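Counting starts at 1 for both ligands and their atoms, following the listed order. Not measured: the values here are computed from a predicted model.
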Amino acid sequence: MRKILIMLLAVIFTLSLLFMGVGCKEEAVPVAEEPVAEEPVAEEPAEVPALTGEVEIFTWWTAGGEAEGLLAMIDIFNEKYPDVEFINATVAGGAGFEAKPVLITRMTGGDPPDSFQVHAGHELIDTWGVGDYLEPVNFIFEEEGWYDVYPEDMISILSMGDDILSVPVNIHRSNVLWYNKAVFEDNGIEAPATFDEFFAAADALKAAGITPLALGDTGIWAAVHLFENVLLGVVGPDDYIGLMDGSVRWDSDGVKEAIQTFVDLLDYVNADHSALGWDEAAQYVIDGTAAMTIMGDWSHGYFMSKGLTPDVEYGYVPSPGTAGNFMALSDTFCLPKGAPNRDAAIAWLKICGSKEGQDAFNPIKGSIPSRTDPDLTLYDVYLKSAIDDFSTNTITPSIAHGAAVSETWSVAIGDVMTMLVANKDVDAAAAAFQAAADENL
Ligand code: GAL
């Protein structure tokens, strides 16, 4: 289950070559020398009917940046298909913590939207692929020539066996520390690269009456997000990946050190963290009531949506201890079986996977394209740095955003975090993490 079958890609590539070969044959049809009078005149090919009706696309993109990025793709859809009514079906709540339960109710109740947002990797495969809820989209990859523009590793995390189950729209980085440049400058602080530097900076900021680290974990996923950053920073990429495949234990000394570091961090976060969303935490950084936040690069989209410019008002570095690592996740859209307007859903998916769609969406969303052929002139200084890092860094999958573990396991990890944030009991959390791994591996 864990390894997506990369070998099958060879078969898929071979198939795509075969299809290309078939496409070339038309020109070779011989022309009859003498027209035969009684032969019926060939009819004009029937026109493809224009798309009509409604198309309902389900996401959780309502916050600054993510909402505007989505709108950029909707604009393209509306221009191409003016006779289709686009239903922008959103359920607010970062990382889909409110949207996913709604989606599960709809899907299991036989009421699918035409397409929905889903993370590549375990969330896609373990929930929707194994449950047989999705129609493979290999035919779209073939029709659009996407086997040439998507890296094999990308296709592998979208696939179950031979079947490609969704269309990626981006790649996000989750291990970024964002900071208010003016606050750092005023307090003589450099962006921290290690936890020692982080805690030294945090003490200075606290003494100056500024919240060092903004957190908004009204959805516990944001605490999981912070913890996955700390975990990677403390145990490193090999052990981090080992935790996901069972070769490293969650009650090991390394993980306990990470849990303790996370508990120590909690002394430096805003008191109202459990009442806020990730975007409200990011707003604290904009306002200067907090100096830093550790969050995915949808924060970049948020800051831009508020009129800020990277490297001017805000800076960014890998979260402490994670330089050289790129914690990744990918947003994708799928084709549910029984989509009410399947043709329009396919039209939407073709925009999501196209160069035009991705180059409209990602520069606003704060993510990098999942295709290999973006127009780099459209990507700003932060996104260019992310594109570079993605090609040179060690890639690790995000826990909080469906890449590394199944939804069930991720929810179990969230439950441990809820307990840990409340009681700060490191040994109890380590034991509970291990129990969750035992149940889910
Ligand atoms: C992630 C998603 C991002 C962004 C973020 C906050 O799970 O992949 O695109 O939407 O949640 O909502």
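Protein residues with a heavy atom closer than 4.0 Å to ligand 1 are Trp60, Trp61, Glu66, Gly94, Ala95, His119, His172, Trp278, Trp298, Leu329, Asp331, Lys365, His401, listed by chain and number.
Within 6.0 Å of the CD atom in Glu190, the count of heavy atoms belonging to other residues, nucleotides or ligands does not exceed 12.
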Sequence neighbours left out, cut at 3.5 Å: what donor-acceptor pairs do the side chains of residues 74-95 make with other protein atoms?
unit_1: Lys80; atom_1: NZ; unit_2: Glu356; atom_2: OE1; d: 3.3

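Between Phe198 and Tyr268, the two ring planes are perpendicular [angle over 60°; tilted spans 30° to 60°]. A tilted orientation is assigned to the rings of Phe141 and Tyr150, their planes being inclined by 30° to 60°.
The structure places CG of Leu51 at 7.0 Å from CG of Asn341, a figure rounded to the nearest 0.5 Å.
Side-chain atoms of Leu231 and Leu243, non-hydrogen and from C-beta on, do get closer than 4.5 Å to each other.
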